[in-house]
Structure formats: C-alpha cells, structure tokens
Amino acid sequence: MNLKIYNTLSKEKELFKPLDQKSIKMYVCGPTVYNFAHIGNARPAVVFDMLYRLLKNIYPEVIYVRNITDVDDKINEAARKLNKPISFITKKYTDIYHQDMTSLGVLRPNHEPRVTDNIDQIISMIQRILDNKKAYINDSHVLFDVTSFDEYGKLSNRDKDEMLSGARVEVADYKKYAGDFVLWKPSNKDEPGWNSPWGYGRPGWHIECSSMVETYLGEEIDIHGGGQDLIFPHHENEIAQSCSAHNSKSYARYWVHNGYLNMEGEKMSKSLGNIITVKELLEEYDGEVIRLALLSTHYRKPINFGKSLLEQSKNILNKLYKKLNSESDEALVSEDILIPLLDDLNTPLAISNLSKIKCSKTLKKSANFLGLLNRTSEEWFALNNKSTMSENDIELLIKQRDEARKLKNFAKADEIRDQLDNNHVVLEDVDGKTIWRVKK
RNA sequence: GGCUGAGUGGCAGAGUGGUUAUGCUGCGGUCUGCAAAACCGUUUACGCCGGUUCAAUUCCGACCUCAGCCUCCA
C-alpha cells in the first residue's frame with residue numbers, strides 16, 4: 001500500500017517513503033493547556049489521528065508524539081488571576097483536553113511529553129545551538145541568529161528581507177536582527193522559571209518542540225504536523241533550531257498541515273465571540289457527529305463549521321447506524337475507504353463511500369477505521385434519550401395502539417402515535433410488529 | 001504592501017480535457033389504514049474574462065471575491 005501525502009516543504013503531493021519501514025516517527029504540535037479546547041483545536045487532533053490510524057494500518061510500528069505545552073505566558077496569566085500555581089491550570093485543562101479528545105474518538109499518542117518535564121533537555125539543546133554559533137546572548141535572553149541559517153524561509157516560502165519590510169511589530173532592542181527569536185527568556189522572581197547557564201528563566205515558544213522531537217524521536221523524523229497557522233513562524237523556527245543544534249540539513253521529511261476552521265463563515269476569534277469549545281458541542285452533539293463533521297472536509301481545505309454541518313453529519317450517522325445489524329467484527333476494511341485515504345487522506349471521499357457498502361460487517365469495520373460507528377445501532381439510538389416516558393409506559397401505549405388498530409379505530413391509534421411522537425418516540429410497523437425508537 | 005490557500009448544483013463535497021460522483025436536505029412516487037423505514041425519481045453545477053484545443057469546470061494567462069500568515073493563535 002502506497003501512501004501519498006502533500007508535503008508543505010515541496011508544495012506537492014508526494015509518495016511517502018519512510019526513513020525506516022519498520023518504525024514511523026510522527027510528531028504533531030499539541031495544545032497549550034490554559035483553557036478549554038475549542039473546535040479549532042480539535043481539527044488537527046482529529047486529522048492527525050486519522051493519519052496515525054492509517055499509518056498503523058500500513059507499518060508495523062508508528063511512534064506518535066504530541067506535546068503538551070504547559071509553560072506559556074497565557075498560562076501564567078490565567079494562574080495569576082486565580083492566584084494558583086500554573087500546575088493547577090495545566091493539570092485541569094490537560095485532563096479536560098484528554099476527555100474531549102477521547103469523546104471525539106482520538107487515540108492517545110504514544111508519548112505526550114510536557115515542557116516542564118523536559119527543561120534539562122531544552123537547556124542542553126540551546127547550549128548546543130550556542131556552541132554552534134547560531135545563537136547569541138543579549139540582555140539575559142538567548143536569541144536565535146536567523147541570519148546564520150541560510151535555509152530560513154524555505155518551508156513558508158518567505159524571503160528574510162521581504163518579511164521584514166512588511167513587519168508591523170516593533171523590534172525588541174535586544175535583537176540583533178528583527179527576525180531573531182527567543183530561545184530562552186528571563187523570568188521575574190514571581191514568574192515560573194528554572195535555573196540555567198543564562199540565569200533564571202523559561203524557554204521561548206519554539207524550542208520545546210525541537211527538543212521533544214529530539215528526545216522522543218531522534219534527530220530526523222518522518223512526519224511533522226500541525227495547523228497551517230504554525231507554518232510561520234513556529235515550524236520555520238523549529239527547522240532552524242533543530243538543524244542548527246544537530247549540524248544537519250534535514251529535520252522532518254514530510255510537513256503536513258491542516259487548514260483553518262471558520263465558524264459559520266467567519267474566523268473564530270475572541271473579539272467576534274464565536275469561539276465554541278468542544279465541551280459545549282459535546283453537550284448537544286455526540287462526539288462521533290463532531291468527528292464526522294471535522295472529517296467531511298479535506299484536511300487541507302478550510303472548513304466551514306456550524307450548525308448545518310453538524311445536523312448534516314448527524315443525519316448521515318443516523319442513516320449509517322440504521323444499516324448496522326451485525327455485532328461481529330470479522331471483516332476487512334473496505335478498499336473503498338482505504339484507497340481514498342491513501343491518496344492524501346481523502347476523508348470526504350471515504351465517508352461518502354461508506355454509504356456504498358452493503359455488508360453490515362464491512363460497514364462497521366470500515367467506519368471503525370475512520371473512528372465512527374463505534375457503538376451498536378441500539379446504543380446509538382438510545383443515546384440522548386430526550387423522552388420523559390419510561391419503557392413500560394411506551395410499551396403499554398404501543399399495546400393500546402395495536403388493539404385500537406385491530407378494531408380499526410385509527411383515530412385512537414393515531415392519537416397514541418402523536419402522543420408518543422411528542423415524547424420523541426417514533427413508531428415503525430414492521431412485519432406485523434411495532435418497534436419504537438427515540439427520535440434523534 | 002509581500003506571501004499562502006480557497007471559490008463546484010439548496011447545503012456539504014469528490015473528481016475529470018469530451019461519458020452519472022456521492023452524501024444530506026427539500027419535493028414527487030411506490031409501499032402503508034395513516035405513518036415510519038426502505039426503494040425509485042428529481043429541472044443538471046463547476047467565480048469572471050480571455051487564450052490553447054475539434055472539445056475546458058478540468059490546461060495557460062489576467063482579473064474578482066473570500067480566508068489566513070507576515071515574530072509567540074490549531
């Protein structure tokens with residue numbers, strides 16, 4: 001099986017050739033845990049979960065690392081407001097993140113390193129960059145010297161000088177060159193920090209990913225993923241740091257980036273007040289509905305998220321669940337699912353092909369591969385039971401209706417149907433028997 | 001201003017140099033006491049303008065619109 005994947009580095013769809021056929025190394029930028037995950041945070045998690053599942057299906061081993069950023073100025077601010085240590089914030093939101101992702105059918109990566117557990121490795125890497133004369137110390141900061149790295153701008157297709165002409169932000173005076181970025185910055189006594197050769201301080205934004213890739217995967221990896229917004233500066237800087245620390249040319253062979261998520265056609269932002277958290281969505285929609293919604297657009301395209309997409313996704317799942325009648329998992333994933341996925345993760349095509357599958361077993365197995373149809377049909381339709389009636393009451397009314405029907409008292413029968421319908425119970429008369437289902 | 005990406009029928013969304021995507025919704029039909037489910041049907045779409053071509057939604061060029069990035073946002 002050949003996987004083709006779009007590589008941001010070459011701007012082309014490429015045949016995926018692993019460094020080692022036996023063990024694939026993938027790293028994805030994870031969350032900064034200072035708040036509830038919003039639906040935009042969920043997109044990369046779901047997209048790369050899909051890639052992880054696919055790779056696991058092809059290769060004997062996949063080592064998937066997704067970091068947790070638990071040192072950050074936004075975390076500091078949140079902790080300060082509550083007058084609690086940062087660990088209070090980060091622990092809480094890490095747990096919530098895990099719960100949310102589990103609800104979306106996202107598998108846990110093999111490693112989820114935290115920045116605070118890897119400070120020594122980060123300091124070591126910064127020291128090596130300094131030793132290689134690719135960084136400098138100024139005003140208690142350690143800064144990466146962008147002019148020392150010829151390849152800078154290759155990933156994001158930017159020219160160093162052009163970038164600066166468009167810069168809108170004032171350049172900090174401790175920078176030799178406006179494009180230089182911080183590897184280590186000083187902390188005040190009341191701020192979180194660690195002792196280092198350059199004084200009490202904390203890591204800059206980009207270095208933690210470089211360090212964790214090195215620690216958990218090695219100097220060169222197969223796939224590095226994240227949102228398109230990370231291409232610049234985050235991933236560009238990661239490449240510069242890692243290659244400078246290792247004196248190497250290659251860091252990640254395939255750069256994979258997911259597109260943006262808009263809410264009802266608008267950018268999701270605090271100022272517009274249209275940020276929706278995963279937790280809020282889960283109160284109204286099942287995790288599978290949200291997962292299907294996220295996978296219904298190709299991962300590189302912008303996704304227009306909103307109520308109509310969710311409702312449509314729910315309808316699709318309802319129809320698919322109605323087709324499920326087998327409990328057995330003894331089937332293979334359909335080629336109609338695998339082939340689109342192998343072509344740059346074409347999940348929309350794979351999803352629409354689900355409806356072509358006639359065999360219930362194959363449908364279940366194939367949908368499970370996409371992280372969908374994880375329940376039985378009965379479980380699915382019993383979920384979110386909005387009915388206030390007990391099963392006994394429902395059965396009793398059905399019995400009364402059947403008697404009325406036998407007597408051709410259809411007015412009475414329809415009255416009972418309406419009564420049940422008002423309580424979200426739908427009746428179906430099949431083969432002389434009446435079955436009921438909760439309306440979804 | 002620079003860079004990147006996107007623009008397909010009511011909606012979502014594949015794909016293709018000439019032949020049906022598919023799904024969801026709506027509508028019509030078969031079925032049904034009525035429904036539901038299931039099945040069948042549903043006027044045919046590719047931002048605009050040129051060019052290449054026997055033929056372009058698909059290739060090339062310009063343009064328009066939208067979104068994003070341009071130093072710490074997935």
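Chain letters run A, B, ... following the sequence lines, proteins first and then strands; every chain starts at 1. Just so you know, these numbers use all the heavy atoms, side chains as well, and skip hydrogens, waters and symmetry mates. It should be emphasised that the depicted structure is a prediction, and the values quoted were computed from it without experimental measurement.
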* Among A/T434, A/L407, A/L397, A/I416, find the one that has a side-chain contact (heavy atoms from CB on, under 4.5 Å) with A/D402. => A/T434

* B/A55 and B/C39, which share atom name P, separated by this distance in whole Å -> 43 Å

* Confirm from the modelled atom types if A/N304 and B/C11 form a donor-acceptor pair under 3.5 Å, side chain to base only. => no

* Check whether more than 12 heavy atoms from other residues, nucleotides or ligands sit under 6.0 Å from atom CD of A/Q400, and answer yes or no. => yes

* P-based separation of B/G1 from B/C63 [nearest Å] -> 12 Å

* Asked: Which part of the nucleic acid, if any, lies within contact of A/I351, taking any heavy atom under 4.0 Å across all strands shown: a base, the sugar-phosphate backbone alone, or nothing?
  -> nothing

* Asked: Nearest nucleotide by nearest heavy atom, which residue falls closer to the 5' end of RNA chain B, A/S313 or A/V430?
  -> A/S313

* **Nearest-Å distance once atom P is located in both B/G47 and B/A12** => 14 Å

* Asked: Considering only side-chain heavy atoms of A/N315, which listed nucleotide, B/U25, B/U71, B/G33, is closest?
  -> B/U25

* To do: Report the relative orientation of the aromatic rings in A/F149 and A/F144; use parallel for angles under 30°, tilted for 30 to 60°, perpendicular for over 60°.
  => perpendicular

* To do: Answer with base, sugar-phosphate or nothing: what part of the nucleic acid does A/K74 contact at a heavy-atom distance below 4.0 Å?
  => sugar-phosphate

* In whole angstrom, what separates A/I276's CD1 from B/A74's C1'? -> 16 Å

* Asked: Using a cut-off of 4.0 Å on non-hydrogen atoms, how would the nucleic acid contact of A/R66 be classed: base, sugar-phosphate, or nothing?
  -> nothing

* Structure fact -> Checking B/U4, B/A74, B/G23 against the side chain of A/P44 (C-beta onward), the nearest is B/A74

* Taking atom P of B/C72 as reference, at what distance in whole Å does atom CG of A/N76 sit? -> 16 Å

* Asked: Which part of the nucleic acid, if any, lies within contact of A/I316, taking any heavy atom under 4.0 Å across all strands shown: a base, the sugar-phosphate backbone alone, or nothing?
  -> sugar-phosphate

* **A/K408 NZ: over 12 foreign heavy atoms closer than 6.0 Å** => no

* Asked: Between B/A74, B/G15, B/C24, which nucleotide has the shortest distance from any of its atoms to the side chain of A/N346?
  -> B/G15

* If each of A/F181 and A/D229 is mapped to the nucleotide of RNA chain B with the nearest heavy atom, which maps nearer the 5' terminus, i.e. the 5' end? -> A/F181

* Checking all strands, does A/K319 fall into the base, sugar-phosphate, or nothing category for heavy-atom contacts under 4.0 angstrom? -> sugar-phosphate

* To do: Considering only atom P, compute the distance from B/G26 to B/A74 and round it to an integer number of Å.
  => 38 Å

* To do: Determine: side-chain N/O of A/N157 to OP1/OP2 of B/U4, distance under 4.0 Å, yes or no.
  => yes

* Specify the residues of residues 407-419 of chain A, ordered by number, for which at least one heavy atom lies under 4.0 angstrom from an atom of RNA chain B. => A/F410, A/D414, A/R417

* Pairing of A/E77 and A/K81 as salt bridge, 4.0 angstrom limit -> yes

* Name of the residue among A/Y174, A/F181, A/W198 meeting ring-ring contact (aromatic ring centres under 6.0 Å, His included) with A/H141 -> A/Y174

* Euclidean distance, atom NZ of residue A/K356 to atom P of B/U22 [Å, nearest integer] -> 9 Å

* Looking at A/Y93 versus A/Y34, is the centre-to-centre ring distance below 6.0 Å? -> no

* Residue A/Q312, side-chain atoms from C-beta onward, closest of B/A37, B/G23, B/C3 -> B/G23

* **C1' atoms of B/U71 and B/C64, separation to the nearest Å** => 32 Å

* To do: Can you tell me the distance, in whole Å, between the CG atom of A/L295 and the P atom of B/C24?
  => 18 Å

* To do: For nucleotides B/A38 and B/U44, find the distance between their P atoms and express it as a whole number of Å.
  => 27 Å

* To do: Let me know the distance between CZ of A/F305 and C1' of B/A6, rounded to the nearest Å.
  => 19 Å

* So A/H235 and A/W255, would you call those rings parallel, tilted or perpendicular, with 30° and 60° as cut-offs? -> tilted

* Structure fact -> Here the distance between atom C1' of B/U25 and atom CG of A/N318, to the nearest Å, is 14 Å

* Structure fact -> Of the candidates B/G68, B/A14, B/A12, the side chain of A/Y260 sits closest to B/G68

* Just checking A/K185: base, sugar-phosphate only, or nothing, at a heavy-atom cut-off of under 4.0 Å? -> base

* Asked: Once Watson-Crick and G-U wobble pairs under 3.5 Å are found, how is RNA chain B written in dot-bracket notation, 5' to 3', with | for any base paired to another strand?
  -> (((((((..(((.....[...))).(((((.......)))))....(.(((..]....))).))))))))....

* **Interatomic distance, A/H38 NE2 vs B/C73 C1' [rounded to whole Å]** => 7 Å

* Would you please classify the geometry between the A/F232 ring and the A/Y152 ring as parallel, tilted or perpendicular, with 30° and 60° separating the classes? => perpendicular

* Structure fact -> Taking B/U22, B/A14, B/G33 as options, the one with an atom nearest any side-chain atom of A/S352 is B/U22

* Asked: What orientation do A/Y64 and A/Y52 show, parallel under 30°, tilted 30 to 60°, or perpendicular over 60°?
  -> tilted

* Sugar-phosphate, base or nothing in reach of A/T297, heavy atoms under 4.0 Å -> sugar-phosphate

* To do: Determine the contact category for A/L349: base if any of its heavy atoms lies under 4.0 Å from a base atom, sugar-phosphate if only primed atoms, P, OP1 or OP2 are that close, otherwise nothing.
  => base

* To do: Under 4.0 Å between any heavy atoms, over every strand shown, what does A/D429 touch: base, sugar-phosphate, or nothing? Just pick one.
  => base

* For A/Y216, check side-chain hydrogen bond (donor to acceptor under 3.5 Å, both in side chains) against everything at least two apart and list the hits. => A/N118

* **Inter-nucleotide C1' distance (B/U53, B/G61), Å rounded** => 16 Å

* Roughly how far apart, to the nearest Å, are B/G7 and B/C59 at atom P? -> 12 Å

* Asked: Which is true for A/H298 with a 4.0 Å heavy-atom rule: it touches a base, it touches only sugar-phosphate, or it touches nothing?
  -> sugar-phosphate

* To do: Examine A/H224 together with A/Y254 and report whether their ring centres are nearer than 6.0 Å.
  => no

* **Residue A/K301, side-chain heavy atoms: nucleotide from B/A12, B/C34, B/G7 that is nearest** => B/G7

* Asked: When you check the gap from the basic side-chain N to the acidic O, do A/E151 and A/K154 get nearer than 4.0 Å?
  -> yes

* To do: Report the distance from atom NZ of A/K433 to atom P of B/A35, rounded to the nearest whole Å.
  => 24 Å

